[in-house]
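Below, chain A is the first sequence line, B the second, and so on; all start at residue 1.
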Number of protein chains: 2
Amino acid sequence: MEDFMTLKKQLCFAVYETAGEFNKLYTSVLQPFGLTYPQYLVLLALWEKDGVTLKELGAKLSLGTGTLTPMISRMEANEWLRKERSKEDERKVYIYLREKAVSQRQPITSKVAEVILSCQIELEEYEQLMQQLSTLQNKLKSNGRQ
Amino acid sequence: MEDFMTLKKQLCFAVYETAGEFNKLYTSVLQPFGLTYPQYLVLLALWEKDGVTLKELGAKLSLGTGTLTPMISRMEANEWLRKERSKEDERKVYIYLREKAVSQRQPITSKVAEVILSCQIELEEYEQLMQQLSTLQNKLKSNGRQ
DNA sequence: TATGATTAGTTCGTATACGATTTAAATAAA
DNA sequence: TTTATTTAAATCGTATACGAACTAATCATA
């Protein structure tokens with residue numbers, strides 16, 4: 001009974017594994033559209049607000065440019081997005097949805113919603129988890145500061 | 001109010017971000033020991049039960065051999081582990097802790113525990129999350145089967 | 001017992017992910 | 001105004017992570 005340090009009892013591992021499960025499930029849904037799961041998250045962000053800088057996008061997704069730059073390039077090559085250097089500030093790169101991403105929005109989100117619904121996650125369960133994960137994230141982030 | 005498909009409202013994203021936060025926090029703790037976060041999970045599994053096959057280890061960690069093989073090689077190179085082909089069944093490879101992994105167990109787990117404790121996660125919160133993530137994982141995994 | 005199927009690991013190709021370094025542009029300061 | 005600092009991206013090196021293809025060993029079965 002004394003052992004707290006077992007794999008199964010680690011919250012970090014429960015989150016790690018759950019993230020992996022989500023990844024696999026979403027991958028199976030998104031594969032037919034030629035999208036990866038992180039690429040879908042990029043589209044989600046841009047469907048909400050189009051024409052943002054790489055930095056803004058990174059802030060929303062908690063990703064650095066070291067991850068985003070090559071990912072955006074791939075999505076550009078696959079005609080989901082286009083990049084445009086700002087004229088006012090040439091350091092900035094704005095990302096815009098291309099027609100494909102706009103027209104595929106409904107089919108993609110419908111299919112995703114359908115599959116997630118089929119998992120039968122209760123609304124209360126969903127909202128509690130969202131709330132608790134938010135609290136947890138804050139605690140993890142604020143660690144170190146006193 | 002109508003938009004369910006925003007990034008912030010996605011449970012998948014909340015889990016994804018939280019996993020990232022855990023990763024960063026654990027990385028900061030484990031870096032001085034020359035360990036990555038997934039490598040630490042491998043040690044956690046082996047500290048519990050030493051001398052398991054690659055496949056057994058993969059089952060515990062929900063990782064395939066495509067991920068584990070190179071990771072174990074790196075941990076072997078860094079003298080945490082050693083590999084041994086089974087004599088009875090030469091397809092199998094058993095993984096054993098090396099002295100370094102045994103002697104470093106206390107320092108590593110102490111430091112990890114210290115940092116996690118400093119996050120002030122309530123026991124009730126912890127257990128509820130563990131429970132809810134377990135339920136969620138089952139729902140995600142059972143998806144597809146009617 | 002010879003052959004076909006299964007199994008365990010390895011290897012390969014692709015895609016994240018991160019921190020550190022570099023580059024170029026914009027801003028601040030001297 | 002020249003120089004120093006800051007900022008936004010890109011690039012680089014390392015480490016996961018996954019599925020598919022491959023190899024070698026074992027097992028099943030005809």
Practice problem: Check DNA chain C against residues 46-56 of chain B and give the residues with a non-hydrogen atom under 4.0 Å, in numerical order. | Solution: B:Thr53, B:Leu54, B:Lys55
Self-check item: Main-chain N/O of B:Leu25 paired to B:Ser28 side chain as donor or acceptor, under 3.5 Å
Solution: yes
Practice problem: With sequence neighbours excluded, tell me which residues meet side chain to side chain donor-acceptor pair (under 3.5 Å) with A:Arg91. | Solution: A:Asp89
Exercise. Please confirm whether the backbone N or O of B:Arg74 pairs with a side-chain atom of B:Asn78, one donor and one acceptor, at under 3.5 Å?
Key: yes
Exercise. Might you work through the side-chain contact (heavy atoms from CB on, under 4.5 Å) test for A:Thr18 and B:Thr18, ending with a clear yes or no?
Key: CA-CA 10 Å; A:Thr18 309; B:Thr18 310; over 6 Å; no
Please report, to 0.1 Å, the donor-acceptor pairs under 3.5 Å made by any side chain of residues 54-65 of chain A, with sequence neighbours excluded.
| unit_1 | atom_1 | unit_2 | atom_2 | d |
| --- | --- | --- | --- | --- |
| A:Glu56 | OE2 | A:Thr53 | N | 3.2 |
| A:Glu56 | OE2 | A:Thr53 | OG1 | 3.3 |
| A:Ser62 | OG | B:Glu17 | OE2 | 2.6 |

Quiz item: Among residues 84-100 of chain B, which contact DNA chain D at a heavy-atom distance under 4.0 Å?
Solution: B:Glu88, B:Asp89, B:Glu90, B:Arg91
Quiz item: Sub-3.5 Å donor-acceptor pair from the side chain of A:Asp50 to the main-chain atoms of A:Leu46, do we have one?
Solution: no
Exercise. Shoot me the first and last contacting nucleotide of DNA chain D against chain A, ordered 5' to 3', at under 4.0 angstrom to non-hydrogen atoms.
Key: D:dT7 to D:dC18
Quiz item: For DNA chain D, which residues in residues 66-74 of chain B have a heavy atom at a distance below 4.0 Å?
Solution: B:Gly66, B:Thr67, B:Met71, B:Arg74
Exercise. Could you check how far CD of B:Glu21 sits from C1' of C:dC18, rounded to whole Å?
Key: 13 Å
Quiz item: 5'-most contact on DNA chain D: A:Thr65 or A:Gly20, nearest heavy atom basis?
Solution: A:Thr65
Self-check item: Partners passing ring pair (Phe, Tyr, Trp, His ring centres under 6.0 Å) against B:Phe33 (at least two apart in sequence or in another chain)
Solution: none
Quiz item: Taking only residues two or more places apart in sequence or in another chain, which ones pass salt bridge (charged side-chain N to carboxylate O under 4.0 Å, His left out) with A:Arg82?
Solution: A:Glu84
Quiz item: So which pairs with a foot in residues 114-132 of chain A pass salt bridge (Lys or Arg N to Asp or Glu O under 4.0 Å), sequence neighbours left out?
Solution: A:Lys111-A:Glu114, A:Glu125-B:Lys139
Self-check item: Sequence neighbours excluded - ring pair (Phe, Tyr, Trp, His ring centres under 6.0 Å) pairs with any residue from residues 39-88 of chain A
Solution: A:Tyr26-A:Tyr40
Practice problem: Using atom types as modelled and distance alone, determine if a side-chain donor or acceptor of A:Gln137 lies under 3.5 Å from a backbone N or O of A:Ser134. | Solution: no
Quiz prompt | A:Leu123: hydrophobic cluster co-members (side-chain, 4.5 Å) | solution = none
Practice problem: For A:Thr135, enumerate each residue passing the side chain to side chain donor-acceptor pair (under 3.5 Å) test, keeping only those at least two apart in sequence or located in another chain. | Solution: A:Gln131
Exercise. Classify the nucleic acid contact of B:Thr36 as base, sugar-phosphate or nothing, counting any heavy atom under 4.0 Å across all strands shown.
Key: sugar-phosphate
